[in-house]
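Report on the following structure.
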Amino acid sequence: MGMIYLDHFSTTPCDPAVVKAMLPWFGEDFGNPHSLHGPGRKAAQAVERARESVARLIGAEAREIVFTSGATEANNLAIKGAARHLARLGDPRRRIITVATEHKCVLESVRALASEGFEAVVLGVDADGRVDPEALRKALEVPTLLVSIMAANNETGVLQDIPQLAGIVKAAGALMHVDLAQMAGKMPVSLKDVDLASVSAHKMYGPKGIGALYVRRRPRVRLEPLFSGGGQERGFRSGTLPTPLVVGFGAAAELAAVSMAEEAVRQAVLRDDLWAQLQGGLPGIVLNGRTVPRLAGALNVCLPEGLRALDVLEACPDVAASTGSACTAAEIAPSYVLTAMGLSAQKASQCLRLSVGRSTSKADIDRAAGLLIAAARTCQTN
Ligand SMILES: *Cc1c(COP(=O)(O)O)cnc(C)c1O
């Protein structure tokens with residue numbers, strides 16, 4: 001009886017088939033994919049096959065995929081790259097719109113641009129974590145360069161209606177960037193009216209340290225690169241590609257494509273089972289984002305009054321889950337995603353993020369529910 005991992009939105013284990021696919025590229029097949037000799041060409045072919053697999057997963061063309069070190073870099077490249085490129089061309093627009101519940105790397109990229117003279121507009125969300133399309137339309141009344149909205153939230157699993165929001169953005173003539181880090185590999189994605197989209201391998205059973213940015217070709221989206229260098233990845237991203245990680249990403253994308261429909265159904269059943277058991281054992285527990293579509297594995301709950309999520313997890317070392325709060329220095333900051341949904345700092349500290357994944361079994365759910373309920377009861381009496 002080992003540890004039960006219920007933190008798949010934080011990262012996922014590499015699928016054994018992914019590890020197997022990567023191994024030769026760490027060893028005998030070490031060639032530089034940008035070299036023109038035999039070993040280089042062999043690596044380049046493997047990279048291009050992986051590029052096709054990643055593209056196919058999100059419905060893009062291989063030529064539209066730029067490999068990066070992960071979704072953090074892809075988000076930075078999309079947001080800063082697009083804004084700086086257009087500003088350099090003399091575009092008078094300055095407005096960049098995003099949402100309060102985005103990943104830190106999006107919020108911080110937009111904030112960095114604000115210090116370069118761009119105007120940052122951060123839209124709020126409703127109690128279920130959704131963006132109001134009318135608020136977006138209103139914000140777009142001022143000519144806007146770019147809008148960045150995530151498809152699925154990494155703390156709550158709440159889905160935004162990207163086709164609808166992207167349509168509004170397109171009608172207003174702004175570029176649309178979507179952070180797909182949580183959605184890709186879990187659900188089919190739509191790139192309709194989307195110009196830029198970020199993905200990450202380690203959120204979909206691939207290796208850490210590799211991701212990609214989708215850059216639309218028709219009409220062509222241009223970006224100022226973040227790095228100066230040899231001009232790899234069509235000039236968007238200099239640096240030697242890590243062949244093993246790229247190959248692993250491609251293998252993970254192929255596995256996700258074949259298993260995602262079945263997994264979504266299986267994980268939703270397990271997630272609902274866990275929720276039912278927690279409700280049974282902990283009266284007063286509340287589900288966050290309950291009335292809106294969510295990712296199949298997502299379960300973000302607010303524990304009953306008087307319970308701190310951190311204390312419960314500490315009393316429950318065999319369950320690996322997350323509180324959503326970030327520990328900064330000595331303080332524990334409440335999750336800004338949950339406070340943006342209207343929860344008080346106090347309430348946010350009661351919230352637990354459980355995320356079911358491909359490695360979760362029914363036995364895991366039963367055991368985790370028992371352990372969490374017992375831990376909560378211990379904390380309640382203390
Ligand atoms: C994990 C995550 C990121 C960051 O991805 P990395 O590949 O770890 O840099 C960005 N956005 C979302 C929504 C994520 O879940």
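The figures that follow rest on heavy atoms only: side chains count, while hydrogens, waters and symmetry mates do not. When a ligand or atom number is given, it counts from 1 through the structure's own listing order.
- Summarising the geometry, atom CZ belonging to Arg216 is positioned 13.0 Å from atom CZ belonging to Arg63; distances are rounded to the nearest 0.5 Å.
- Among all protein heavy atoms, the one lying closest to atom 13 (C) of ligand 1 is Asp179 OD2, 3.3 Å.
- Atoms NZ and OG, from Lys203 and Ser10 in turn, are 7.0 Å apart once rounded to the nearest 0.5 Å.
- Applying the ring-ring contact (aromatic ring centres under 6.0 Å, His included) criterion to His202, with sequence neighbours excluded, gives no partner residue.
- One finds the OG1 atom of Thr156 at 10.5 Å from the CZ atom of Arg130 (value rounded to the nearest 0.5 Å).
- Atom 9 (O) of ligand 1 has Thr72 OG1, 2.6 Å as its closest protein atom, hydrogens excluded (heavy atom only).
- Atoms of ligand 1 lying under 4.0 Å from any heavy atom of Gly70, numbered from 1 in the order shown and given with element: 7 (O).
- Checking only distances, Ser69 never comes within under 3.5 Å of ligand 1, N or O to N or O.
- Between Asp132 and Arg137 no salt bridge is recorded (no basic side-chain N to carboxylate O distance below 4.0 Å).
- Qualifying side chain to side chain donor-acceptor pair (under 3.5 Å) partners for Lys104, counting only residues two or more places apart in sequence or in other chains: none.
- Lys203 NZ, 2.4 Å is the protein heavy atom nearest to atom 2 (C) of ligand 1.
- The protein atom (non-hydrogen) at minimum distance from atom 8 (O) of ligand 1 is His202 NE2, 2.7 Å.
- Looking from atom 7 (O) of ligand 1 to the surrounding protein, the closest heavy atom is Ser200 OG, 2.7 Å.
- Of the N or O atoms in Asn154, none lie within a sub-3.5 Å distance of an N or O in ligand 1.
- Atom 5 (O) of ligand 1 has its closest protein heavy atom at Ala71 CB, 3.2 Å.
- In this structure a side-chain-to-backbone donor-acceptor pair under 3.5 Å is present from Arg353 to Asn154.
- Near Met150, the atoms of ligand 1 lying under 4.0 angstrom from a non-hydrogen atom of the residue are 13 (C).
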